[in-house]
Asks: 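Can you keep this structure in mind? I'll have questions shortly.
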Amino acid sequence: MHGQAENSGPGGYAAARLRLLNEKAWSGPPRRSALAGLTDEWLAGLFAAGAPGARGVSLVAVGGYGRAELSPRSDLDLLLLHDGSAPETVSTLADRLWYPVWDLGLNLDHSVRTPAEARKTAGEDLKVQLGLLDARHIAGDLGLTTALRTTVLADWRNQAPKRLPALRELCEERAARHGELQYLLEPDLKEARGGLRDATALRAVAASWLADAPREGLAEARGRLLDVRDALHLTTGRATDRLALQEQDQVAAELGLLDADALLRQVYEAARIIAYAGDVTWREVGRVLRSRSVRPRLRAMMGGGKPAPERSPLAEGVVEQDGEVVLARAARPDRDLVLPLRAAAAAAQAGLPLNLHAVRRMAAGARALPSPWPAEARQQLITLLGSGRPTVDVWEALEAEGLISLLLPDWDRVRCRPQRNAVHLWTVDRHLIETAVRASAFTRRVSRPDLLLIAALLHDIGKGWPGDHSVAGEVIARDVAARIGFDADDVTVIATLVRHHLLLVETATRRDLDDPATVRSVAEAVGSPGTLELLHALTEADALATGPAAWSSWRASLVADLVGRVAAVLAGQAPPDPEEAAPTAQHERLALEAVATGAPVLSLRAQTEPPAEPSDDPEPLGVELLIAVPDQAGVLPAAAGVLAMHRLTVRTAELRSLDLPDGVDGSVLLLDWRVAAEYGSLPQAARLRADLVRALDGSLDISGRLAERDAAYPRRRGVVAPPPRVTVAPAASRHATVIEVRAQDAPGLLFRIGRALEDTAVRVRSAHVSTLGANAVDVFYVTQEQGVPLPGEEAVAVARKLEESLRT
């Protein structure tokens with residue numbers, strides 16, 4: 001197809017290369033191989049022109065080019081190998097090779113060495129040695145190249161006991177820097193764990209003859225990542241391995257996939273196969289190296305005989321051998337349907353890995369469990385889920401061989417499903433397992449730990465279906481729980497937990513807990529004290545498994561407050577009416593001072609809570625900011641703007657009128673807020689008060705100050721955020737209209753909202769601010785000037801005006 005004559009010069013090669021990359025019929029391995037072949041022809045032509053008839057010198061491709069796997073923007077890794085007999089000729093030849101490559105703008109990684117120098121450098125630099133393992137002859141003295149390949153490979157095998165631990169350490173360091181490919185929203189296809197470098201490392205382990213990776217699906221997984229990188233190079237025109245968010249749709253289209261989510265799922269599936277193969281391989285490397293170090297001593301002690309491996313029973317049909325869980329000799333996977341769950345539970349309880357061959361043997365003979373499951377199967381699943389951190393590796397071993405899909409067919413919908421929210425650390429399926437791991441720590445605080453663990457496993461199972469995942473998940477959870485063998489009452493509890501797994505945290509952070517309607521609505525949804533207890537534990541486990549931004553002592557305190565109020569209602573106590581609540585002594589003192597001075601009065605007080613684990617530095621719940629101010633317009637935007645100027649984040653905000661003692665004229669607004677510093681220390685209360693006075697009298701231009709600060713620190717280019725959305729929550733309160741704002745979090749957002757609400761002439765009774773990652777969800781209880789809820793049409797109009805103001 002591509003003749004050498006046509007490609008003997010840079011122009012010919014460049015044109016042929018461009019044609020090849022633009023031909024849609026060529027893709028995947030054939031294109032990579034063709035591109036490598038085309039490049040070989042061109043470089044061989046340059047070599048022949050630069051050193052006609054030269055002996056003792058050869059051109060060698062190493063690394064990815066050595067494997068004939070050239071992506072559109074891949075580096076050319078080249079070694080000019082020579083015997084040292086004609087250094088000047090070699091130097092001239094190097095110039096004639098390297099400069100044409102540079103002239104075409106191609107990335108070049110090059111070296112000029114004798115075989116002895118190459119061997120010495122490989123012995124000192126592990127990365128060089130790995131590259132030479134894939135050395136491939138391009139031009140010149142074939143014998144020279146062949147001898148180097150033979151020597152390097154022999155050195156690698158001889159040095160494997162020392163080199164492989166170093167290679168494993170290199171892989172672990174890279175994983176720590178770049179994360180796990182199978183969970184990242186913007187993964188590095190090459191460097192992250194489970195990526196292309198790990199696949200290359202597994203090839204190197206196999207070349208050592210010391211151990212080998214599981215081969216099923218490995219070549220296909222590696223090929224899929226290379227295909228994605230090819231498409232990434234073509235769509236960006238750059239030599240990049242990072243799959244950025246803004247490029248995923250284009251890459252998906254280049255590969256003929258439906259959308260970016262379909263692309264990420266394929267990437268995650270491939271990464272999971274490579275990562276699992278790595279786990280198994282490195283475990284085998286460790287076992288072989290330990291065996292080699294121990295065997296000579298044992299043979300000497302036992303007169304040269306080979307010792308039989310020790311096998312310790314763990315469960316029926318399951319034993320421990322050499323640090324792994326294997327099947328007993330009498331085990332019959334084709335007859336014992338519960339064996340996979342029993343082996344998994346035993347492994348997780350013992351904190352040991354499942355042996356690869358044992359898992360494959362069970363998978364080969366596995367059949368679906370009858371519906372409902374036998375009681376033992378249900379108990380073994382609960383034991384597995386309640387085993388804590390070891391559950392993750394055991395579950396992944398079952399999943400790698402298809403056993404999870406056989407046990408729980410609904411799992412395939414969430415497998416490797418990405419979550420496009422920076423708050424989430426994991427894919428949906430891994431998040432479900434992480435939630436079970438977190439829930440296992442709470443099994444002593446609930447009366448039905450089995451229901452908690454199953455609900456943790458299933459709470460997001462609806463994310464594989466259209467619509468509200470909680471609603472879809474409830475239907476699936478009912479079916480799965482019944483199939484597993486729970487009775488009708490337990491199935492109802494599990495379904496309720498799945499349906500309402502977000503209820504407590506969303507209500508606690510976005511609703512007025514002093515409003516009786518709020519507490520009653522939660523009590524009605526939950527139904528019983530036992531379900532409330534389970535939902536409380538599930539809420540915390542879910543949040544902890546989501547990521548650090550989803551849970552804090554502050555959120556925990558709000559949820560605990562709500563749970564206490566709901567528990568009281570479920571016990572038959574009526575929630576107190578906020579209109580009848582008397583002000584505290586501190587509130588009354590601040591209010592009287594505000595009336596006497598005719599100006600705002602502030603109080604700042606840190607609130608802390610002992611951490612869940614011992615610590616010298618308890619986590620702050622935030623700082624309580626109390627502001628008493630004579631009743632007037634513009635209090636909310638003024639206070640929010642001043643706090644934004646001082647880089648204080650508002651976590652909760654409540655505004656209400658205080659009843660003053662008899663004989664005291666005037667009306668006072670009390671702002672009871674929780675705030676936290678974005679960074680640095682808190683400002684002084686006197687400074688806040690002075691700025692608030694100026695904001696209220698109009699002498700402080702908050703909008704201008706915030707605009708100046710934004711201009712001084714321009715935002716970096718990134719993903720375009722979805723537009724804000726403002727809605728009215730129906731029947732959420734009998735005292736006020738509840739308006740919910742969802743928007744991209746930004747400094748001064750609460751100030752803008754407060755100013756927009758002031759423009760609509762509504763009165764803000766309380767505000768509840770919640771931020772998850774880059775997303776702000778702020779809820780406002782508003783009334784007319786007379787203190788009554790807004791009529792329906794007026795409420796919708798206010799929401800529409802607020803949304804319009806936030807879009808501009």
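Given the structure is predicted, the values throughout are model-derived calculations rather than measurements.
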Asks: If the condition is salt bridge (charged side-chain N to carboxylate O under 4.0 Å, His left out), which residues does Glu284 pass it with, not counting sequence neighbours?
Replies: Arg287
Asks: Under the ring-ring contact (aromatic ring centres under 6.0 Å, His included) test, which residues partner Trp282, sequence neighbours left out?
Replies: none
Asks: Can you list the residues that meet the side-chain hydrogen bond (donor to acceptor under 3.5 Å, both in side chains) rule with Ser85, with sequence neighbours excluded?
Replies: Asp83
Asks: Could you check whether any side-chain heavy atom of Val267 comes within less than 4.5 Å of a side-chain heavy atom of Leu225, counting everything from C-beta outward?
Replies: yes
Asks: Name all residues meeting the side-chain hydrogen bond (donor to acceptor under 3.5 Å, both in side chains) criterion together with Glu324; count only those two or more places apart in sequence or in a different chain, and write none if there are none.
Replies: Arg283, Asn355
Asks: Charged N to carboxylate O under 4.0 angstrom, Asp155 versus Arg163?
Replies: no
Asks: Given side chains that start at C-beta, do those of Arg193 and Asp198 come closer than 4.5 Å, heavy atoms only?
Replies: yes
Asks: Scan for ring-ring contact (aromatic ring centres under 6.0 Å, His included) pairs involving residues 43-85, sequence neighbours excluded, and state none if there are none.
Replies: none
Asks: If a pair satisfies ring-ring contact (aromatic ring centres under 6.0 Å, His included) and one of its residues is in residues 162-210, list it, with sequence neighbours excluded.
Replies: Tyr183-Trp426
Asks: Go through the structure and list residues passing ring-ring contact (aromatic ring centres under 6.0 Å, His included) with Trp156, not counting sequence neighbours.
Replies: none
Asks: Sequence neighbours excluded, which residues qualify as side-chain hydrogen bond (donor to acceptor under 3.5 Å, both in side chains) partners of Thr391?
Replies: none
Asks: Any salt bridge (charged side-chain N to carboxylate O under 4.0 Å, His left out) involving residues 70-79? Give me the pairs, sequence neighbours left out, ordered by first then second residue.
Replies: none
Asks: Listed by chain and number, what are the side-chain hydrogen bond (donor to acceptor under 3.5 Å, both in side chains) partners of Asp249, not counting sequence neighbours?
Replies: none
Asks: Does anything in residues 57-72 pair up under salt bridge (charged side-chain N to carboxylate O under 4.0 Å, His left out), and if so which pairs, sequence neighbours excluded?
Replies: Arg67-Glu69, Arg67-Asp134, Glu69-Arg222
Asks: Keeping to residues at least two apart or across chains, list the salt bridge (charged side-chain N to carboxylate O under 4.0 Å, His left out) pairs with something in residues 90-103.
Replies: none
